[in-house]
Amino acid sequence: MLVSRRHFLGATSGAATLSALATRTPAQEPADPLADPLGVRRDFPAADEYTFLNTAYIGLISRPVLEAGRAWLDARAHRPLEVGEMLRKTDEVRHAFARMINASDEEIGLLFSTSEGENVVTDALDFKRGENVVIDDLAYPSTSIIHKRLEQTRGIEVRIVKQRDGETRVEDFARLVDGKTRLISVALVSNLSGFRHDMKGLADLAHAHRALLYTDAIQAVGMGPLDVRAEGVDFLCCGGYKWLMAGFGVAPFFVRRALLDRIRPDRVGWRVEKSLGGYRYQHFRDAKKYEFASLAFGEIYQLAAALDYLQRVGLQRIEMHTAGLTDRLRAGLADRGFRLFTPRGTRSSILSFYVKQTTEAAAKVLEEARIKVSLQRGETDEPQGPDAQTRVRVAISLFNNAADIQRLLGATEKLV
C-alpha cells in the first residue's frame with residue numbers, strides 16, 4: 001500500500017497515515033511456497049535483483065519500513081509532527097522491543113548505537129584499579145576498544161578469552177573469572193564466526209562471582225526468538241540496521257530492572273520526567289532516563305514498522321526457515337571440501353568458511369555471480385595458513401530461499 005500525495009493530504013493528519021502503515025501485513029499476495037516459504041520475498045525488492053546473503057553487515061529493509069520512512073518525510077514536509085506524538089511512537093517501539101525479548105517497558109531505553117550501551121554500563125560501574133573485565137576475541141572491535149581504554153584510564157585488567165575453532169565456551173571464561181571480575185562482555189552472536197554464546201551459562205558464572213553480564217545483541221535480535229529472562233542477561237544493546245531490518249540511529253538498550261538504580265545515565269538533557277520549579281527537575285527512574293535529548297524520530301517510525309513486520313511473520317518461523325537453509329549450505333560446503341569457521345550446532349543464521357583465494361580474487365568471483373556476502377581477513381587468532389587466506393561470511397535471512405543457497409554453492413566451484 002503506497003501512500004499517494006493525494007491520500008496523504010486528504011487524511012486528517014500525518015499521524016493517521018503513519019499509523020495506518022503499521023497495519024500492513026507481510027506478503028498480501030499469494031507466494032510460491034518453494035521460492036518464498038515465508039511469503040515475504042515480494043517485500044524485499046533487492047532479493048530478486050541479486051543474491052543477498054549479507055544481513056550481518058547491513059540488512060535490507062522491507063516495503064512497510066520504506067513506506068513508513070516516506071510517510072515520515074511527507075509529514076515533515078506538510079505538517080511537522082508534534083513532539084508529544086513522536087514520544088508516543090517512541091513508547092510504542094519500547095513496548096514492541098520489550099515484548100520481542102521478554103522484558104518490561106521500564107527496562108528499555110533507546111540509544112543511538114550499540115556501542116553507546118556498553119559505554120553507559122562501563123561508565124556507571126565505577127571500576128577500581130585492580131578489578132578486571134573478561135571479554136573474548138569473537139566480539140566486535142568496539143568491545144575491546146572500550147575496555148582497553150578503561151585499562152588505561154582506570155587501571156583495570158582486560159582479560160581476553162581466545163577462541164578455538166570459532167567458539168568460546170563457558171569453561172574458557174571460568175578460567176579467567178575471579179573475585180575481582182566486575183563484568184563479562186560478549187557478543188550474543190559473533191559477527192565473525194556466527195557462534196552463539198551460552199548466555200545462561202555465562203550469566204550464572206558472572207553472578208556466582210558477583211559480576212554482571214553485558215551483551216552486544218546486534219547479530220541476534222531479529223534472527224529468532226530471544227528471552228532475556230531465561231538467558232539471565234543483565235544488559236543488552238542492539239542497533240536496528242541488521243537483523244531488525246530498520247535504519248541507523250536507534251539502538252534499544254535493556255537494563256535489568258534490579259540494576260536500573262545502579263546504572264546511572266552518563267549525560268542528561270531536556271528529557272526529564274517533570275520540572276519541579278526553581279530549576280529543579282525530577283528525572284526518570286526507569287530506562288527512559290538514558291534518552292536525554294531528542295531521538296532520531298524518523299528512524300523510530302521505521303523501527304516501529306520493522307518490529308511489527310517481524311512479529312507478524314513470526315520469529316520462530318524465521319529461525320526455523322533460516323536454520324534449514326544454513327544446514328543446507330553447511331552440507332554443500334562440506335561436500336566441496338571447504339573448511340568452516342562456524343562451529344557445528346550453534347544456533348545462528350551466520351555461516352563463515354575459508355577459501356584459498358585472496359580477498360580480492362574471491363570478491364571478483366562473487367561480484368560476477370551477483371552475490372552479496374562479507375569477506376573478512378583474519379581478525380582473531382585462528383590459524384591463517386595457505387589454505388585459509390580469506391574468510392567468507394554468509395548471513396541467511398527470512399527472504400532467502402534454497403535457490404539463493406544453490407547459487408552461492410555454484411559460485412564456490414570457482415573458489416575451490
Side-chain angles (χ1 to χ4, degrees), residues 53-57 59 101 114 134-140 143 160-174 184-205 213-228 230-233 236 238 242-244 315-336 338-355 373-374 376 378-383 388 391-398 400 405 408-409:
L53 295 161
N54 209 15
T55 297
Y57 178 58
I101 66 169
T114 311
V134 182
I135 64 175
D136 68 10
D137 62 355
L138 291 175
Y140 193 71
T143 293
I160 304 176
V161 177
K162 299 297 184 180
Q163 64 84 25
R164 290 176 295 171
D165 299 321
E167 64 183 323
T168 53
R169 297 184 176 275
V170 174
E171 52 265 34
D172 301 324
F173 282 84
I184 295 175
S185 177
V186 296
L188 205 157
V189 171
S190 170
N191 71 296
L192 299 176
S193 70
F195 173 67
R196 189 184 190 98
H197 285 86
D198 176 0
M199 300 306 293
K200 184 63 169 64
L202 289 175
D204 290 346
L205 174 64
L213 176 64
Y214 175 90
T215 186
D216 167 351
I218 197 169
Q219 296 289 5
V221 182
M223 182 186 283
L226 174 63
D227 185 337
V228 292
E231 302 278 18
V233 173
L236 173 154
C238 167
K242 295 183 186 287
W243 299 92
L244 289 178
L315 292 176
Q316 187 70 49
R317 292 180 67 220
I318 292 171
E319 184 175 62
M320 290 179 63
H321 169 64
T322 57
L325 294 178
T326 304
D327 289 346
R328 181 189 292 249
L329 176 60
R330 176 182 285 276
L333 291 170
D335 288 345
R336 288 161 175 77
F338 290 100
R339 183 167 75 88
L340 275 74
F341 184 40
T342 302
R344 183 177 294 278
T346 198
R347 199 177 120 221
S348 168
S349 302
I350 297 173
L351 191 66
S352 292
F353 64 99
Y354 293 102
V355 297
V373 295
S374 286
Q376 302 171 328
E379 297 176 48
T380 68
D381 291 335
E382 79 270 13
R391 196 166 59 235
V392 180
R393 185 187 68 188
V394 182
I396 300 170
S397 195
L398 74 168
N400 289 122
I405 302 305
L408 174 61
L409 289 172

Under the 3.5 angstrom rule, does the side chain of Gln163 hit a backbone N or O of Asp165 as a donor-acceptor pair?
-> yes
Which heavy atom of Val221 sits nearest a heavy atom of Trp243, and at what distance?
-> O-CB, 3.3 Å
Locate the shortest heavy-atom distance separating Tyr214 from Thr114; write the atom from each residue and the value.
-> OH-O, 3.4 Å
Taking atom CD1 of Ile350 and atom CG of Leu53, what is their separation to the nearest 0.5 Å?
-> 12.0 Å
Side chains of Met199 and Val186: does their closest heavy-atom pair fall under 4.5 Å?
-> yes
Within-4.5 Å side-chain heavy-atom neighbours: Val228 and Thr215 | no
Looking only at heavy atoms, the pair that brings Thr326 and Ser349 closest together is OG1-CA, 3.8 Å
On a heavy-atom basis, the closest approach of Arg196 and Pro225 is NH2-O, 3.8 Å
Quick one: do Asn54 and Arg393 satisfy side-chain contact (heavy atoms from CB on, under 4.5 Å)? Show the steps, please.
-> CA-CA 8 Å; Asn54 209 15; Arg393 185 187 68 188; 4.1 Å; yes
So, Thr322 side chain and Ser397 main chain: donor-acceptor pair closer than 3.5 Å or not?
-> no
Would you mind telling me which of Val189, Thr342, Thr168 makes a side chain to side chain contact (heavy atoms under 4.5 Å, CB included) with Phe195?
-> Thr168
Out of Asp198, Ile135, Val134, which residue meets the side chain to side chain contact (heavy atoms under 4.5 Å, CB included) rule with Phe173?
-> Val134
Could you tell me which non-hydrogen atom of Ser193 sits nearest to which non-hydrogen atom of Gly166, and how far apart they are?
-> OG-O, 2.7 Å
Side-chain (Arg328) to main-chain (Gly324) donor-acceptor, under 3.5 angstrom | no
Any donor-acceptor pair under 3.5 Å from Thr346 side chain to Ser348 backbone | no
Test item: His197 side-chain N/O and Ser190 main-chain N/O as donor-acceptor pair under 3.5 Å | no
When you look at Leu236 and Leu226, which way does the side-chain contact (heavy atoms from CB on, under 4.5 Å) test go after all the steps?
-> CA-CA 11 Å; Leu236 173 154; Leu226 174 63; 3.8 Å; yes
Backbone N or O of Leu192 within a donor-acceptor pair of the Ser352 side chain at under 3.5 Å?
-> yes
Expected output: side-chain Lys162 to main-chain Asp136 donor-acceptor under 3.5 Å | no
So, does Arg330 use its side chain to make a donor-acceptor pair with the main chain of Leu351 at under 3.5 Å?
-> no
Rounded to the nearest 0.5 Å, what separation is found between the CZ atom of Phe341 and the CG atom of Leu138?
-> 5.5 Å
Can you tell me if Thr55 uses its side chain to pair, donor with acceptor, with the backbone of Lys242 under 3.5 Å?
-> no
Within-4.5 Å side-chain heavy-atom neighbours: Asp172 and Arg164 = yes
Where is the tightest heavy-atom contact between Gly222 and Leu315, given as atom of each residue plus distance?
-> O-CD2, 3.8 Å
side-chain contact (heavy atoms from CB on, under 4.5 Å) between Asn400 and Ile405: does it pass, once the steps are laid out?
-> CA-CA 8 Å; Asn400 289 122; Ile405 302 305; 5.6 Å; no
Rounded distance (nearest 0.5 Å) linking atom CG of Leu188 with atom CE of Met223 | 9.5 Å
